[in-house]
There are 2 protein chains.
Amino acid sequence: MNQHKTEIKTELQNRLARFEEQCRAKGLRVTQQRREIFCAVAQSCEHPSAEKVFQAVRRAMPNVSLDTVYRTLASLEEMDLLMRVGLSSKARFDGDLRPHCHFVCTRCGEVYDIFPQPGEGPLPLPAGVQGMGEVKQVNLQLRGICKKCQQEHKA
Amino acid sequence: MNQHKTEIKTELQNRLARFEEQCRAKGLRVTQQRREIFCAVAQSCEHPSAEKVFQAVRRAMPNVSLDTVYRTLASLEEMDLLMRVGLSSKARFDGDLRPHCHFVCTRCGEVYDIFPQPGEGPLPLPAGVQGMGEVKQVNLQLRGICKKCQQEHKA
DNA sequence: ACTTTTATTAGGAATTATTATTAATAATAT
DNA sequence: ATATTATTAATAATAATTCCTAATAAAAGT
């Protein structure tokens, strides 16, 4: 393994290296299934659903189970190797239509409102949205651990 | 119905009026069920799930069905009388961890990436998030109709 | 007020998404 | 190579959401 070889590593290989590193750091085994599932998401640019990932991985590993896909996607998210788009599982509704955003606690699932403070203007939209279509709603979601869960975890 | 009476209308009454107006505009009937479901969400500040709304509405209407709640929540969303927090139904994953946001088409469900343009800084976080907890992820979602669906709809 | 028309609903069945169970398998340490 | 033990496949179970159909009730017409 010489210096040159290292330099020409592809991006995917870098990410795979990070994947193995993270697994070892968390004491998780580097299984064939985990590797394939990670690659399937890392190589896709279409924000696949669990089912799509399952289908993609099945092409290389015909016996992989859907349960493994779900379990692995959750653990990859835990390791910050991929992210989940939107909120998980069940839908939640908000009758307050004033512009505001949400803090979602990833531990307890609670959703908190964040209203703009006096003098705080509206969120600036990213420039890249131009030409994509008509924006009807802006939804800023901050995810993390809420105060309450932080305290309970300490105890 | 005198002028004074109109002035002291509560906020909920205003919203109910808008609700009826919107229903009529869309040719939807103003049923008891729709009214109750709308009120349940409008009065709640806890971002209730469909199940929670169902439970709340059942107290006033013991025979309302869960299907009606789902159907009505969807139509209220359609009429912009409430909003859905996060993405609907199934989870989607993203292996690209560089900061970017998503344009979600509410017609076809497609998710598009929006990367920051050269020189564009990171999103400013709303000030109100201070003290809520530890933010681990920022998720800006723009919802609307994508170019492709706009064109198909014209045809 | 009474009928008619037709959207809407209740109730339950069906479907879809996700998670749990368990015996068998395979990754790592020894 | 062997032992240890996390992980997996397969399937069952659960949770979330949607579909189906006859009965009901809102709105419009009389």
Side-chain angles (χ1 to χ4, degrees), chain A residues 16 19-38 40-41 47-55 57-79 81-82 84-93 106 109 111, chain B residues 16 19-38 40-41 47-79 81-82 84-93 106 109:
Chain A
L16 264 170
F19 157 76
E20 301 207 359
E21 196 182 301
Q22 284 281 309
C23 282
R24 298 225 164 79
K26 296 255 179 181
L28 298 181
R29 292 180 180 172
V30 180
T31 65
Q32 209 57 39
Q33 289 87 337
R34 280 186 179 139
R35 212 192 316 262
E36 288 292 343
I37 291 165
F38 173 72
V41 179
H47 311 87
S49 61
E51 185 66 33
K52 287 281 183 197
V53 173
F54 175 63
Q55 286 164 14
V57 171
R58 279 235 143 181
R59 286 197 278 275
M61 299 185 75
N63 288 330
V64 79
S65 78
L66 190 52
D67 172 68
T68 297
V69 171
Y70 273 101
R71 225 177 338 96
T72 302
L73 287 171
S75 70
L76 291 173
E77 187 188 9
E78 190 72 24
M79 287 187 277
L81 290 164
L82 58 77
R84 193 181 288 261
V85 181
L87 211 59
S88 69
S89 62
K90 71 182 149 194
R92 302 281 293 261
F93 301 89
T106 54
V111 179
Chain B
L16 263 171
F19 157 76
E20 299 206 1
E21 194 183 303
Q22 284 281 309
C23 282
R24 298 227 163 78
K26 297 255 178 181
L28 299 182
R29 293 180 180 172
V30 180
T31 65
Q32 210 56 38
Q33 289 87 338
R34 280 186 180 140
R35 214 192 315 262
E36 288 291 345
I37 291 164
F38 173 73
V41 179
H47 311 88
S49 62
E51 184 65 31
K52 286 279 183 201
V53 173
F54 177 63
Q55 286 165 13
V57 172
R58 279 234 144 183
R59 287 197 277 275
M61 300 186 73
N63 289 330
V64 79
S65 78
L66 192 50
D67 174 66
T68 296
V69 171
Y70 274 101
R71 225 176 339 96
T72 302
L73 287 172
S75 71
L76 291 173
E77 186 188 10
E78 191 72 23
M79 289 187 276
L81 290 165
L82 58 76
R84 194 181 287 262
V85 181
L87 212 58
S88 69
S89 61
K90 71 181 147 193
R92 302 279 294 261
F93 300 88
T106 53

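Chain identifiers are assigned alphabetically (A, B, ...) following the order of the sequence lines, protein sequences preceding nucleic acid strands; residue numbering begins at 1 within each chain.
A distance of 10.5 Å separates CG of N63(A) from OG1 of T68(A), quoted to the nearest 0.5 Å. A distance of 5.0 Å separates OG in S75(A) from CZ in R34(A), rounded to the nearest 0.5 Å. From E77(A), atom CD reaches atom OG1 of T72(A) across 12.5 Å, with rounding to the nearest 0.5 Å. Atom CG of residue L76(B) and atom CZ of residue R84(B) lie 10.5 Å apart, to the nearest 0.5 angstrom. In this structure, CG in L81(B) is found 11.5 Å from CG in L73(B), a value given to the nearest 0.5 Å. Note that OH of Y70(A) is 7.0 Å distant from CD of E51(A), once rounded to the nearest 0.5 Å.
Distances were taken from every side-chain heavy atom of L28(A) (C-beta onward) to each of dT18(D), dT7(D), dA9(D); the shortest belongs to dT7(D). Nearest nucleotide to the side chain of A50(B), out of dT8(C), dT7(D), dT17(D): dT17(D).
Look at CG on L66(B): it is 18 Å from P on dT16(C), rounded to the nearest Å. For the pair F54(B) CZ and dT18(D) C1', the interatomic distance rounds to 15 Å; values are reported in whole Å. If you take CZ of R92(A) and C1' of dA16(D), they are 14 Å apart, rounded to a whole angstrom. Summarising the geometry, the separation between CE on M61(A) and C1' on dT7(D) is reported as 11 Å, rounded to the nearest angstrom. One atom, CD of E36(B), and another, P of dT9(C), lie 12 Å apart when rounded to the nearest Å. Whole-Å rounding puts the D67(B) CG to dA15(D) P distance at 20 Å. One can place NZ of K26(B) at 17 Å from P of dA27(D), the figure rounded to the nearest angstrom. Spacing between atom CD of E51(B) and atom P of dT18(D) amounts to 14 Å, rounded to whole angstrom units.
Applying the ring-ring contact (aromatic ring centres under 6.0 Å, His included) criterion to F54(A), with sequence neighbours excluded, gives no partner residue. In terms of the ring-ring contact (aromatic ring centres under 6.0 Å, His included) criterion, F93(A) has no residue partners (sequence neighbours excluded). Here E36(B) pairs with Q32(B), V57(B), A60(B), M61(B) under the side chain to side chain contact (heavy atoms under 4.5 Å, CB included) rule; sequence neighbours left out.
Within residues 69-76 of chain A, the residues that have a heavy atom under 4.0 Å from DNA chain C are, in order of number, Y70(A).
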Are E20(A) and R35(A) close enough, and set up right, to give a side chain to side chain contact (heavy atoms under 4.5 Å, CB included), and what steps lead you there? CA-CA 8 Å; E20(A) 301 207 359; R35(A) 212 192 316 262; 2.4 Å; yes

Identify each atom pair where a protein N or O and an N or O of nucleotides 1-4 of chain C are less than 3.5 Å apart, giving names and distance.
none

Expected rows: protein N/O vs nucleotides 24-27 of chain C N/O, under 3.5 Å:
{"residue": "dA27(C)", "atom": "N3", "partner": "R29(A)", "partner atom": "NH1", "Å": "3.3"}

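In this structure, E78(A) places its CD atom where only 12 or fewer heavy-atom neighbours from other residues, nucleotides or ligands lie under 6.0 Å away.
Under 4.0 angstrom from either OP1 or OP2 of dA10(C) there lies at least one side-chain N or O belonging to T68(B).
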